[in-house]
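Working notes, beginning with the structure itself.
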Amino acid sequence: MYEGMNEKQQEAVLHTEGPLLILAGAGSGKTRVLTHRTAYLIEEKGVNPYNIMAITFTNKAAGEMRERIDEMVGYGSESIWVSTFHSTCVRILRRFIDHIGFSTNFTIYDADDQKTLMKDICKRLQIDTKIYKERMFLNVISHAKDELIDPITFSLQAQGDYTKQRQATVYQEYQAALRSNNALDFDDLIVKTVELFKTDAEVLDYYNEKFRYIMVDEYQDTNTAQFELIRLLARKYHNLCVVGDDDQSIYKFRGANIHNILNFEKEFPDAAVIKLEQNYRSTSNILNAANGVIRNNVGRKEKVLWTENPVGDKIDFHQFDTAYEEADYIAMDIAKKVRTGKYRYRDCAVLYRTNAQSRLFEERFIVSNIPYKIVGGVNFYARKEIKDLLAYLKTIDNAQDDLAVRRIINVPKRGIGATTLTRVQDFAYEKEISFYTALKMADDIPSLGRSAAKIKPFVTFIQAMRSKLEYFTVSQILQDIIEETGYVRELEAEDTDEAKARIENIDELLTKVVTYEQSEENPTLSGFLEEVALVADIDSLDEDSDYVVLMTLHSAKGLEFPQVYLAGMEDGLFPSYMSIASDNPTEEIEEERRLCYVGITRAKENLAVTCARSRMIRGETQYNRVSRFVKEIPSELLAGTVAPEKKNQEEEQNSRRAEFAKAKSAFRAKPMALQQQSAPSRAFASASTGKITLDYQVGDTVKHMKFGEGVVTQIVEGGRDYEVTVDFQTAGVKKMFAAFAKLKKI
DNA sequence: TTAAGTTAAGTTTTT
DNA sequence: CTTAACTTAA
């Protein structure tokens, strides 16, 4: 079992008791160590799987580890907790948060919800959001929470500082609003769990006894609150194994505290430290390039990665005149490598600093017919149509969530406008009841007048759906919402590409619900909403499909690809202008450099580094020099070209513009089907070829996965799909969309 | 009072 | 180039 592991790796596996810090360089096989360690604990040390937990940052990482542990351990592995910080906390809070004054069916607010809530609070406190941005307050609050500073402490620290005092008031109000909405934001998930552990010794002891062996991945990214959480969990048995790499700490802006790794030995004086410095991932050229860059950072634990891998090709470096040429080159290079059979699409990844850079690549890839997938940008669950429908589900699930109710009260249009909403809100505020409760009492709000009549049908609808909750599945409820509100019908009537894309997203949401129902033993609406609240885009990457992946350097952490393109390597873009011009440029640029190190070390066989002399940013053309990081790569490792300075700038600019316009119109003219092929994960399977065909008709007996057998009583054509009505023997009459109901003719 | 149409402003990185 | 705020018409 331990064969093929190097000495250091074995040492890490065998060291099971007491605190352990594993400094694992990029590609040094840390996941392998963690999974083997788990297996060793169970099989050799006789530890009950129930007593083991592993914490990661993304669901994808958790899923991967789960899979590998399952393979190794076999029986009993399912009782090991393998999950992210956030879902671990949710799981604990769903059970015990009533000990600290919330109800266990709390909702989780994402960034959008937070902003809406904050806007509300600013209005109430008469703060002009043009001068003081909602985002600014939210950032301040988030940082306070990362450091476990509660509103009272914050306000104490704000003594004498007018700006800080105002922030303290906002923080206080914000927390109060969350509480009355029975909602937690992302940071609260951690903070409240810590609070729970600190106030309830019994609960803490329960988890101390349960989690006797704890492992934490990507430890360098933990913030103070997360560290405190781990410290509390490991308080009794001290069997804490953390794995991290200070050189890959890239989440300082999110509160990651690099001292957590640098000071681990101070916190736990009896800690053992093991360094994993042999890299198994990259060619030595790539690794040397990475070493050359990271060497320029001052505040780091000294270590040098080495490898026995072959030297490999030199690093391909090109400076282009414009960003279009850069995108062009990368598209052509990928096409060439796929054509010659060297790589498949999925072996290639394009990495960049900002999400905005993805657009150019997307356009080029469509023109060149290269299948691709963009990770990040607008999260699926942050899309308007998805948030609308989820808000309906949330309202049905937990009407204490004012935000959700207000989001959908006039979607679709019910003739309820801002004025009516303020009046209801005022009433609710005065009576200290929730917004939804106020809606139910619309008749008793005198200022409403005739508007009260418009509110009633909405309340009736929500109440009706709520009573259905007991007997119907989540997917059935969702379908009812879509049906009753006419959400999809409205989009169909719009008949634009955008509306079609939205309908597809809704279809995908329906598939996700059905998938959830099938995977879960006891599916509930709350359960589904929870799962949905904690997914990140990176989680949806699947290895089976063949497409080029485009993403930010941040999203790329933890992944590896044979062929990597680092695009936009320009001073001002990467390192970003923000970091160069900040108050503390040395520190911020070191963080950017670590990001660059992460980028380089994603590559296994081939690395291409590109940049452009000019590019459009926010409608303005910027002229940038080659990134300082490129210059830090030893020059003997580089091969490539630098674009000659062009004399006639303006003429160039104009022809470029024309070319761009052409590419854009081509982009628009492409039939939907092709665009979906390019981005398969966003497309709904049956929609890719347009209209689906049915092998059954009215009168036929069909079978449904959940509802069993039934007779088709009606088929209505709607856009690309059919709405099928079936009279089931056991479940009664149901209406459903053919594309996802997957009915089988018998 | 609502809803559509028009103009102005703003964009690092994210669980 | 997108999104939010403002204006104006119904």
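Just so we're clear, the structure is a prediction, and the values are computed from it rather than from any experiment.
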Nearest-nucleotide pick for A:Lys119, side chain only, options being B:dT1, C:dA5, C:dT2: C:dA5
Closest to side chain of A:Ser576, choosing from C:dT2, B:dT12, C:dA5: B:dT12
Length of the line joining A:Ile55:CD1 and B:dT15:C1', which is rounded to integer Å: 13 Å
Any A:Ser579 side-chain nitrogen or oxygen under 4.0 Å from OP1 or OP2 of B:dT12: no
Sugar-phosphate, base or nothing in reach of A:Thr552, heavy atoms under 4.0 Å: sugar-phosphate
Stacked pair A:Phe253-B:dT14, distance under 5.5 Å, angle under 30°: no
Listed nucleotide nearest any side-chain atom of A:Thr419, set B:dT14, C:dA5, B:dT2: B:dT2
Side chain A:Arg254 and base B:dT15 donor-acceptor under 3.5 Å: no
Over 12 non-hydrogen atoms of neighbours within 6.0 angstrom of CZ in A:Arg135: yes
Atom-to-atom span, CG of A:Asn139 to C1' of B:dT14 - whole angstrom: 12 Å
Watson-Crick or G-U wobble mate for B:dG10, both contacts under 3.5 Å: C:dC1
A:Lys252/A:Glu587 ion pair, N-O < 4.0 Å: yes
Value in whole Å for how far the C1' atom of B:dT15 lies from CE of A:Met551: 16 Å
Spacing of A:Leu553 atom CG relative to B:dT12 atom P, expressed in whole Å: 16 Å
Aromatic plane relationship, A:Phe253 with A:Tyr251 - under 30° parallel, 30 to 60° tilted, over 60° perpendicular: tilted
Shortest side-chain distance from A:Thr354, nucleotide among B:dT14, B:dT1, B:dT13: B:dT13
Nucleotide C:dC1, atom C1' - distance to CG of A:Leu360 in whole Å: 12 Å
Reference residue A:Tyr109; test side chain to side chain contact (heavy atoms under 4.5 Å, CB included); the match among A:Leu184, A:Asp188, A:Asn181: A:Asn181
Residue whose closest nucleotide on DNA chain B lies nearer the 5' end, A:Ile250 versus A:Leu421: A:Leu421
Distance test, side-chain N/O of A:Arg423 to OP1/OP2 of B:dT1, below 4.0 Å: yes
Quiz item: A:His86 side-chain donor-acceptor pair to B:dT15 base, under 3.5 Å: yes
OH (A:Tyr577) with more than 12 external heavy atoms under 6.0 Å: no
Spacing between A:Asp110 atom CG and B:dT15 atom P, to the nearest angstrom: 12 Å
Euclidean distance, atom CG of residue A:Leu595 to atom C1' of B:dT13 [Å, nearest integer]: 7 Å
Nearest-angstrom distance from the residue atom NZ of A:Lys384 to C1' of C:dT3: 11 Å
First of A:Phe57 and A:Thr420 reached from the 5' end of DNA chain B, by closest nucleotide: A:Thr420
Minimum-distance nucleotide to A:Glu592 side chain [options: B:dT1, B:dT12, C:dA5]: B:dT12
Of the listed nucleotides B:dT2, B:dT15, B:dT14, the one nearest the side chain of A:Tyr251: B:dT14
Distance under 6.0 Å and angle within 45° of ring axis: A:Arg414 vs A:Phe458: no
Sugar-phosphate, base or nothing in reach of A:Asp187, heavy atoms under 4.0 Å: nothing
Phosphate OP1/OP2 of B:dT14: any A:Asn355 side-chain N/O under 4.0 Å: yes
